[in-house]
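Notes to accompany the following structure.
Every number for a ligand or one of its atoms is a count from 1 in the order of the listing. Both backbone and side-chain heavy atoms feed into the values below; hydrogens, waters and symmetry mates do not.
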Amino acid sequence: MKNFISVHDVSDLNGLVKKALQYKAAPLSDQSLGKGKRIGLLFLNPSLRTRLSTQVAAQNLGMEAIVFNVGQEGWALEFEEEAIMSGNTVEHIKDAAPVLSLYFDVLAIRTFPSLKNREDDYSELFINQLIKYAGIPVVSLESATLHPLQSFADLITIQETWKEIKKPKVVLTWAPHVKPLPQCVANSFSQWMTHWGRCDFTIVHPEGYELAETFTKGATILHDQKTALQDADYVYVKNWSTYNDYGKIYESDPSWMLTNKHLLTTHNAKVMHCLPVRRNVELSDEILDGSNSLVTQQAGNRVWAAQAVLADIIKNA
Ligand code: CP
């Protein structure tokens, strides 16, 4: 692949999962692949897992990884074409990106949505402008609408824990939160599950929290959590703010927080969350600290997801 922005950049999804699991079994098996190569990790927003797992993945491939916290340390970047830069932005991406492409072989960027203007956020202006002006491979570390490295790690986690022949029932459930969050993780997980196609995929949320149809086509969409959780094998818990009436919180009904009681009608479902998680708001302590939780394993798999993606990009560069 050239860039890694969504599941559509992956030509062989099962092959990429297989590669990631090979790296998990033998992390340093491709140490010479990235020798002499350098990735620049540009963060416009905070991170723990994405930053560190991508650095570890690059190092496992023998590649140097340099982090630049643009949001805190860099010049404020302008992404709009023909902008009159008389405001707060100092440097245009059209000037910065060609420079970065002289320093690095691959660029990666984290750029959250504003949650103020849906059209702007869903146009993915920031990451598209970086791709346009850098001219070298670009990896999404979470963009305005998607979080592909997270979803790839989620798929790896499901594949390595599901041992039955029949398809698992996977449920993505909305959960309460104290502030409006992007739809990225939910959009992306839906996109990857429907594209993968080897599961029975249900999304459940209160009315008004519909996600963009472009990501949910093929999923069963319900509003009753109890009905949705019946016979589930995996429950993915995540908050998101409203998409239609963009970036709002309509309700934070605490009964949507997943507890052990919610798991009684499931097939002893494994519980997933991308982290960071608001304990006892989104998910109860009893689940997070219990044997049904996959959250740490998921976060661990971020390394192997990033390593498989970077290896594929380097090989095709
Ligand atoms: N899940 C995830 O992306 O974690 P970070 O925000 O800590 O990178």
Which atoms of ligand 1 are found less than 4.0 Å from any heavy atom of Cys274?
1 (N)

Are Phe189 and Phe201 close enough that their ring centres sit under 6.0 Å apart?
yes

Polar-atom distance check: Arg51 versus ligand 1, any N or O pair below 3.5 Å?
no

Row check, Phe215 ring normal vs Lys217 NZ/CZ: under 6.0 Å, within 45°:
no

Nearest heavy atoms of Leu41 and Arg51, plus distance in Å:
CD1-O, 4.1 Å

Answer yes or no: is there a donor N or O on one side and an acceptor on the other, between the side chain of His205 and the main chain of Trp174, under 3.5 Å?
no

Residue pair Tyr122, Tyr243: steps toward the ring pair (Phe, Tyr, Trp, His ring centres under 6.0 Å) verdict
CA-CA 10 Å; Tyr122 275 68; Tyr243 168 75; 5.0 Å; yes

Quick check: Leu48 and ligand 1, any N/O pair under 3.5 Å apart?
yes

Does Leu275 approach ligand 1 within less than 4.0 angstrom via side chain, backbone, both or neither, non-hydrogen atoms only?
backbone

Which ligand 1 atoms are under 4.0 Å away from a heavy-atom of Arg302?
1 (N), 2 (C), 3 (O)

Backbone or side-chain N or O of Glu142 under 3.5 Å from ligand 1 N or O:
no

Ligand 1 atoms nearer than 4.0 angstrom to some heavy atom of His147 are 2 (C), 3 (O)

Taking the six-membered ring of Tyr103 as reference, does the NZ or CZ atom of Arg38 fall below 6.0 Å from its centre and within a 45° cone about the axis?
no

Minimum-distance protein heavy atom relative to atom 6 (O) of ligand 1:
Arg110 NH1, 2.9 Å

What protein heavy atom sits nearest atom 4 (O) of ligand 1, and how far off is it?
Arg49 NE, 2.9 Å

Backbone N/O of Ile156 and side chain of Asn301: donor-acceptor pair under 3.5 Å
no

